[in-house]
Number of protein chains: 2
Amino acid sequence: METIGQIIRNKREHLGLLLRQLAASLDIDPAILSKIERNERKPNKELILKLAEILELDKEELLAQYISDKIAYDIAEEDCADRVLKLAEKKVQYIKTHSVKS
Amino acid sequence: METIGQIIRNKREHLGLLLRQLAASLDIDPAILSKIERNERKPNKELILKLAEILELDKEELLAQYISDKIAYDIAEEDCADRVLKLAEKKVQYIKTHSVKS
DNA sequence: TATATATTTGACAAATAATGTCAAGACAAT
DNA sequence: ATTGTCTTGACATTATTTGTCAAATATATA
């Protein structure tokens, strides 16, 4: 299973970009990008969208990977992870059907 | 659909406890508990476990409600919520099967 | 080996978010 | 009006996230 960091690093290298070059495009310090690619630090949503743009990756897909990573990390340690995900699904449905459409 | 706050308030009132009494048992300010019961502030895991203990609620169940609340809140705004949950499920499986058993 | 370039690491600062404290306000019952 | 309960909001404290930087490490090549 490929991590977010691996996806980013693979794509960057495939495009022949240096870490500092991509970092410059993203307007962040190369040290941060290095840590993100090694999954030592988590990118935020804004950065994910920028990355998808620059690396020509599907925005929705990368975002889904990013959010699911966060969730998996949150609940992996719990032994009720399956139940949690089922409940979350229900709640999302509920929120969607009951929220005010803008 | 019952929220965490509602579950707590219902049970507290059913047990005939005043807000300040339960707050004292939990060793928190009544203002905080008031906000938690109205879902204005989120309890943390430690508090959830204390609450389950004192209110005689199932620990696993309350914890599952609490975590799924957090997740649903995180992803409800995304329009790829379903995909995110499916991915999270896979990742949890992966983490579980690949993590070192203590 | 020496030099240049790229990445990693860790210490630290700054910004942001979570949590705790408190007093005044609102509400209901008597 | 007084008492008791809960709510609200301003503020302080603490924790977490995010950003900055320079030194250390790694890699390649003359």
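Within every chain, numbering begins at 1; the chains are lettered A, B, ... in the order of the sequence lines, protein sequences first and strands thereafter.
Applying salt bridge (Lys or Arg N to Asp or Glu O under 4.0 Å) to A/Arg83 and the options B/Glu89, B/Glu60, B/Glu61 leaves one that passes, B/Glu61.
Other residues, nucleotides and ligands place no more than 12 heavy atoms under 6.0 Å from the NZ atom of B/Lys90. Atom CG of B/Asp27 is surrounded by 12 or fewer heavy atoms from other residues, nucleotides or ligands within 6.0 Å.
The backbone N or O of A/Leu26 lies less than 3.5 Å from a partner atom in the side chain of A/Lys50, making a donor-acceptor pair. B/Ser34 places no side-chain N or O within donor-acceptor distance of the main-chain N or O of B/Pro30, the cut-off being under 3.5 Å.
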Summarise how protein sits on nucleotides 6-25 of chain D as a single string, 5' to 3': B when a protein heavy atom is under 4.0 Å from the base, S for sugar-phosphate-only contact, - for no contact. SSBB--------BBBB----

